[in-house]
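We count ligands from 1, going down the list as the structure has it; atoms in each ligand are counted the same way. Throughout, numbering of the chain's residues begins at 1 and tracks the sequence.
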Amino acid sequence: MHIVADENIPLLDEFFGEFGRLTRLPGRLIDQTALGDADVLLVRSVTRVSAGMLAGTPVRFVGTCTIGTDHLDLPGLAAAGIEVASAPGCNARGVVEYVLSCLLTFAEQSATPWQDRTVGIIGVGEVGGRLAAVLQALGVKTLLCDPPQASQGREGLVELDELIAHSDVISCHVPLTCEGPHPTWHLLDARRLESLRPGTWLINSSRGPVIDNQALSAVLGQRPDLLVALDVWETEPLVDPALAARCRLATPHIAGYSLDGKLRGTAQIYQALCRFLDRPASLALEQLAPRSGAGQWQLEPGTPPDWALTRALRLVYDVRDDDARLRAMLNRVQDEQESREGFDRLRKEYPLRRECNLLRVVTAASEPQLARRLLAAGFDLGG
Ligand SMILES: NC(=O)c1ccc[n+]([C@@H]2O[C@H](COP(=O)([O-])OP(=O)(O)OC[C@H]3O[C@@H](n4cnc5c(N)ncnc54)[C@H](O)[C@@H]3O)[C@@H](O)[C@H]2O)c1
Ligand SMILES: O=C(O)[C@H](O)[C@H](O)COP(=O)(O)O
């Protein structure tokens with residue numbers, strides 16, 4: 001068997017070496033010619049895969065080690081009889097940590113406590129659902145919008161315009177879709193962006209085109225009261241430098257880039273391939289992954305209780321580091337091609353980031369009440 005894979009997928013040899021020959025390629029360079037006689041294609045989010053691309057190749061299985069699937073032509077691949085697998089939820093925990101870090105940063109920048117703000121979450125699946133659970137556990141008021149789930153009978157959800165009208169913070173966690181009953185392309189368009197409440201904090205770690213970036217840049221030019229964090233960009237890997245300058249936080253699509261999240265993605269696709277080939281999945285992530293990050297965070301003795309959670313979150317992940325790296329790259333590059341390459345390099349050479357066992361950090365800081373609240377909400381951040 002011949003497997004062609006994005007070189008940025010970790011543990012390729014360990015999980016897929018036993019299947020046969022492995023060819024690693026930069027994800028953006030995988031095309032029909034590069035596939036050659038491949039039977040299996042393993043990608044991350046930067047490789048667009050359609051039935052046309054696979055036509056004439058022996059590829060019968062496509063696995064994406066990511067949550068998002070908008071880079072795959074799912075109907076076309078299904079019609080061509082090609083099996084497709086993705087990795088639902090694999091890096092959701094990392095994205096939640098990203099959003100929490102954005103909240104802390106905006107709170108510092110605006111001298112406003114984040115726990116007092118109403119947080120509107122658009123898309124309440126793996127990521128949005130976990131985010132809602134942790135915020136609710138912390139006593140933060142949330143408004144949830146998810147029309148597909150509402151149409152299935154889920155209660156307690158609001159319409160998008162109602163969410164926008166009543167939220168102090170808005171965080172987007174929808175898939176990118178252009179068709180169907182609830183498309184998300186330009187879900188936040190000029191009209192909705194203009195209607196944001198004064199001082200709204202807006203965070204997008206879903207997909208760039210969920211927000212009309214040109215409209216956002218124009219609105220931010222008029223509305224310095226809005227604090228915006230963008231992890232994803234409409235023209236990725238190209239970042240509009242003017243828009244980045246108007247955002248308070250700008251990062252290169254790394255919200256879910258914990259090592260744990262990437263490894264989970266690889267393991268989920270390994271299991272899916274074993275199922276497809278009808279062979280036992282003999283390898284488990286626990287055997288192959290480096291030891292968990294739990295235990296590497298320590299709060300300073302005597303950390304005041306009301307500061308413990310903030311301190312713990314900062315120890316685990318600090319979005320300001322990723323923001324500084326992207327801005328340094330944008331300042332350095334001479335042209336758009338260098339900018340695209342710089343964006344991809346920041347992702348390829350991403351520093352080691354481990355997910356947190358927030359419960360353990362907080363418990364170790366003698367915060368039993370907070371720990372109990374997180375536990376009650378099923379806020380399991382690490383083993
Ligand atoms: N920046 C990153 O590193 C990163 C990491 C992981 C995921 N993502 C992106 O985040 C997206 C969400 O991830 P997830 O794991 O929560 O996905 P999910 O499929 O579990 O949840 C998405 C939710 O959005 C809802 N939804 C769909 N259309 C909607 C609409 N028009 N309005 C409101 N809600 C709508 C769905 O019903 C679902 O509940 C992914 O599709 C991916 O594109 C980005
Ligand atoms: O959809 C996802 O899982 C994320 O956006 C993922 O982190 C993207 O990472 P990439 O595939 O671009 O390496």
Presence of salt bridge, D146 and R154, under 4.0 angstrom: no
Ion pair R21/D37, N-O distance below 4.0 Å: yes
salt_bridge(R325, D321) N-O dist < 4.0 Å: no
Return all side-chain donor-acceptor pairs below 3.5 angstrom for residues 8-17, not counting sequence neighbours, or 'none' if the list is empty.
| unit_1 | atom_1 | unit_2 | atom_2 | d |
| --- | --- | --- | --- | --- |
| D13 | OD1 | R24 | NH2 | 3.2 |
| D13 | OD2 | R24 | NH2 | 2.9 |

Short N-O contact, E108 and R314, less than 4.0 angstrom: yes
Under the salt bridge (Lys or Arg N to Asp or Glu O under 4.0 Å) test, residues paired with E18 that sit two or more places apart: R279
E355 with R264: basic N within carboxylate O range, under 4.0 Å: yes
Ring-face cation contact, Y317 with R353, 6.0 Å cut, 45° max: yes
Within the protein, residues bringing a heavy atom under 4.0 Å of ligand 2, chain by chain: R44, S45, T66, I67, G68, N91, R207, H253, Y257, R347
Test item: side-chain donor near acceptor, D231 and T251, under 3.5 Å: yes
Report every pair formed by an N or O atom of ligand 1 and a protein N or O atom separated by less than 3.5 Å, giving atom names and the distance to 0.1 Å.
| unit_1 | atom_1 | unit_2 | atom_2 | d |
| --- | --- | --- | --- | --- |
| ligand 1 | 1 (N) | S205 | O | 3.0 |
| ligand 1 | 1 (N) | D231 | OD2 | 2.9 |
| ligand 1 | 3 (O) | G256 | N | 3.0 |
| ligand 1 | 16 (O) | E126 | N | 3.3 |
| ligand 1 | 16 (O) | V127 | N | 2.9 |
| ligand 1 | 20 (O) | E126 | N | 2.8 |
| ligand 1 | 31 (N) | H182 | O | 3.0 |
| ligand 1 | 37 (O) | D146 | OD1 | 2.7 |
| ligand 1 | 37 (O) | D146 | OD2 | 3.4 |
| ligand 1 | 39 (O) | D146 | OD2 | 2.6 |
| ligand 1 | 39 (O) | Q149 | NE2 | 2.8 |
| ligand 1 | 43 (O) | R207 | NH1 | 3.3 |

